[in-house]
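From a predicted model like this one, the values you see are computed outputs, not experimental measurements.
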Amino acid sequence: MAYNFKDIEAKWQKFWAENKTFKAKQPSENQENKNPFYVLDMFPYPSGAGLHVGHPLGYIGSDIYARYKRHKGYNVLHPQGYDSFGLPAEQYAIQTGQHPAKTTTANIKRYREQLDRIGFSFDWDRQVRTSDPKYYRWTQWIFIQLFESYYDFDDQRAQPIEKLINRFEQNGNSDLNVACDEDTPEFTAEQWQEFTNQRQEEILLQYRLTYLAETEVNWCPALGTVLANDEIVNGLSERGGHAVERKKMNQWSMRISAYAERLLQGLENLDWSESIKESQRNWIGKSVGSQVKFAVKNHNDFIEVFTTRPDTIFGVSFMTLAPEHDLVKKITTPEQKEAVDAYIKETAKRSERDRLADVKSISGVFTGAYAEHPLTHQPIPIWIGDYVLASYGTGAVMAVPCGDQRDYDFAHHFNIPVPNIFKDTDISEAAFGEKDDTLITNSEFLNDLPIKQAIAKAIEVIEDQGIGKAKTNYRLRDAVFSRQRYWGEPFPVYYVNGLPQMIEDQHLPLELPEVDEYLPTEDGEPPLGRAQTWAWDTNESKVVDNNKIDHKTVFSLELNTMPGWAGSSWYMFRYMETEKRNEVFASQDALDYWQNVNLYVGGSEHATGHLLYSRFWTKFLKDRGFLKVDEPFQRMINQGMILGESAFVKRGNDTGKFYSEGLEIAEDYQRIHADVNLVNTSNELDIEGFKKFRPEFKDAEFITEDDGSFKVSREVEKMSKSKYNVINPDDVCDEYGADALRLFEMFLGPIDQAKPWNTAGLSGVVGFLKKLWKLYHQGDKFVVTDDKADKKALKALHQTIKKVNMDIEDFSFNTSVSSFMICVNELNQLKCTSREILEPLCVLVAPFAPHIAEELWERLGHEGSVSSVPYPEHNEKYLKEDTKTYPISFNGKMRFTLDLDLNLSKDEIEEIVMQDERTQKQLDGREPKKVIVVPGKIVNIVG
RNA sequence: GCUCGGAUGGUGGAAUUGGUAGACACGUUGGACUUAAAAUCCAAUGGCCGAAUGUGGCCGUGCGGGUUCAAGUCCCGCUCCGAGUACCA
């Protein structure tokens, strides 16, 4: 019987679904007392385009691992769900008027169908959707917990806000070491008691882990909305090409900066790639230095700067403020006002990224004001420049042009003096780069000190004189948490006298209201501003019509929604719960049992977003006693992207004719994407199909090769709908089967690398599956014998077992597939039919190609699924070699090989090699200088 | 710009982590089977040169240097490509 993947795959997918083969057991159901193991994929955003072959790459890898762990006797939790809030659904809603919930549901259905065809061992009973009110009820709940908490640096943990209020009442806030806004005023216990309730609430907001603050956004006046950086192309909005400017808005923020140190330290114990950990380290950006105050002349103000190089303080020749810095307006002199205002207006048009990336154009304006150097008391001109960002550090720098290239360039550009404070150095061409042994000069008490000591001394003096203090700074900024969007979680917040109030836990979820359109309102309010029924009745504890707002018992609700990362920051814990999802985000015994994700698989592009926010929320939930674990993802594997092989046709600019790739073309031409589904493996285009593919090509003329074929050129690009290079996994499953798709995706290369998809290569794994099937069959008959296995066959099998076990642990699946091929080729050659070989082989391939394995397992006479059968383990006795083919090298170049007994000593090997006539021939009479013998590896003769 | 990756035959990639570069596949070429095609099987396949039923030589892992008996692998300096860059997910 021929290998019929269609019937086999449908049969076993049905079997798995009906028998709930991959259901993970909760602790109470876990009679066999298996150890838990949690394998998780980063859940997908269900886009309208559906899955392409790039998406399942990581899922296949994690599925192999999950199946492997089941074979190893673990109770495996391997769930899947959807990150179903997001911009694309909202964009689509704006264009079509369709409710995003509707399109999202349809997209999810399509995703599910596609996923089901690939044979994943997901426990679908546990799926989550972030846009489901039953789910986001708990996202809102976590938000409230954050609101009700502050961070204590002495305890290194979050604490309930009541504890802080208590401390205010006892001692005021002067001797607290807790996270708060920079500009929080000091007060005594007496003052606190005398503050109005309103004032107290305002102060508490400066401590809460989620708080309201003015933050900058990309505002598009024409669209009346805030844009993501993604929606801005070359400084203009992607939709409509309108101008975009930076604008301050009052928004919710998350005080993630309080966790900077713990997020940094926690990386040490994670089994993640060093590169991702390094990215997070750099993102958190810890730097040690000092904060210094510069008084502004003729004003009662100070400019605070942070510097990692306080030793260079005598090299300061100007200061630069971010154009958005609060002091700018205040200190600018009347003469400079016009220039400063114009400059601020110009910078408002540039994104932060543009400002940082552009190091070539130097721009800035003098404010007319001077600061006083805190040590020399000399006047220092204060400039503004867009290379300084308001959101980083204090938004101001003390410029030391002799030591910092940007300051150096700025000084030269504006003819500002560049005093040199580095002894015996040349700064005529460029700023001086740091060297440890350099001495400081022209710096009073720092003279002739090397840099390290000068830094220490400078901090000492700065602290003594009360002009600053040692400080550790982090680049990590608090995360803006408000979005002016419809399709996100509503905040469980209403406003009384402009102050936020939380809706009580028992009244959650606060569900998204209906709106007539998904656009902002006329006066620039977020889409929720369109809702007619969006007010909170505190007596009834429910949402009521806006016209009932009386600011006494009925108040307006928050109009912003939460960002995409809200729901994805805690979903890994939701999967742990099955029964009590309405009562808790996850129950304690489930959390205790599953702990955290043992293996997380997803893209490295989330390095500093999702992966940092999830760690933050996990730490917070642990601090407040809701979790026992400090980290969400213990081990992580990052899959690379699968790229598409785009096809291009050449179209003449003048004649509009299409030319086959090999032809000489007289006129200028354009390269146009052709749908890759219209091109065969020999790069020949289906001309008729192409004419139908886009109506405007209907009557086009095609100039073919001499043999009548029309060829396209190929180029590797990102797989995307707009490039017409998308390969749909459904099509691959239809034509070759899910097992072939799974094997091929793994065979393509290392899971963590980007690599192009090439459908032609599929025939390799299809051939393998056929050969595997053939091993168990003779003609139409299933034939497996109880014959004693051949020694060679045992060796082939056990080599493969050893290799595959190692490979799975290392996530090196491409080499596993290779070794399966080698093994099957060998067994076919040996005409092996022995059960002793074929039964373990079947289990061995099961995680990779589960459908064919289940079928063969059944044919081998077993009942039930192969998926929990113990995984084969290799036996060294079948692998033992007693000889080794030694490469014999001369000066590092291999000249011939020699089979030698592995038990030979170094000297014996050397003797045999030297006696070999080929050695004498190579040496050609020369006397070797040295003979290097590495037993079991190599012989190298030097001379 | 900054941060993090990557680069090996015509193609995807392998190389026990410093020890025979190119495993395994795809593709190509030749052959077997066939009226023919598909499927299947067999053989060859990094480049150049030399041989001509001898198994030999040179070059070769993005580029330029270095360390070493030995470098795809380690070090220094570049080039190009990809990802992230704080409101895409």
Quick one: label [X] by what it contacts on the DNA or RNA (base, sugar-phosphate, nothing), any heavy atom closer than 4.0 Å.
X: A:Val765; result: nothing
X: A:His610; result: nothing
X: A:Leu762; result: nothing
X: A:Thr885; result: base
X: A:Ser482; result: base
X: A:Ile932; result: base

Legend entry - First encountered from the 5' end of RNA chain B, between A:Asn229 and A:Tyr886: A:Tyr886
Legend entry - Comparing A:Ser818 and A:Asp478 on RNA chain B - which has the more 5′ nearest nucleotide: A:Ser818
Choosing from [options], which nucleotide comes nearest the side chain of [X]?
X: A:Asp83; options: B:G1, B:A89, B:C24; value: B:A89
X: A:Asn825; options: B:G84, B:A25, B:C87; value: B:A25
X: A:Tyr45; options: B:A89, B:A86, B:G13; value: B:A89
X: A:Pro750; options: B:A14, B:G27, B:C87; value: B:A14
X: A:Tyr613; options: B:C87, B:A23, B:G56; value: B:C87
X: A:Ile938; options: B:G19, B:G12, B:C42; value: B:G19
X: A:Val359; options: B:A15, B:G19, B:G1; value: B:G1

Taking the six-membered ring for Trp, are the ring centroids of [X] and [Y] within less than 6.0 Å of each other?
X: A:Tyr474; Y: A:Trp283; answer: no
X: A:Phe43; Y: A:Tyr82; answer: no
X: A:Tyr408; Y: A:Phe410; answer: no

Legend entry - Canonical and wobble pairing (Watson-Crick, G-U, under 3.5 Å) of RNA chain B, dot-bracket with |: (((((((..(((......[....)))((((((.......))))))((((......))))..(((((..]....))))))))))))....
Strictly below 4.0 Å: does [X] bring a side-chain N or O up to OP1 or OP2 of [N]?
X: A:Arg485; N: B:C87; answer: no
X: A:Arg483; N: B:C87; answer: yes
X: A:Asn638; N: B:C4; answer: no
X: A:Lys893; N: B:C59; answer: yes
X: A:Gln922; N: B:G57; answer: yes
X: A:Lys755; N: B:G12; answer: no
X: A:Arg895; N: B:C58; answer: yes
X: A:Arg475; N: B:C2; answer: no

Inset, instruction - Spell out protein contact along nucleotides 70-82 of chain B as letters: B when the base is contacted, S when just the sugar-phosphate is, - when no protein heavy atom is under 4.0 Å; keep the 5' to 3' order. - result: S------------
Inset, instruction - Only one of A:Lys247, A:Lys248, A:Arg246, A:Arg355 passes salt bridge (Lys or Arg N to Asp or Glu O under 4.0 Å) with A:Glu324; say which it is. - result: A:Arg355
Inset, instruction - Provide, to the nearest angstrom, the distance between the CG atom belonging to A:Leu643 and the P atom belonging to B:U11. - result: 16 Å
Inset, instruction - For A:Leu356 and B:U85, give me the distance from atom CG to atom P, rounded to whole Å. - result: 13 Å
Legend entry - Heavy-atom side-chain proximity of A:Tyr111 to A:Leu51 below 4.5 angstrom: yes
Inset, instruction - Please work out which residues in residues 276-283 of chain A have a non-hydrogen atom less than 4.0 Å from an atom of RNA chain B and list them by number. - result: A:Glu278, A:Ser279, A:Asn282, A:Trp283
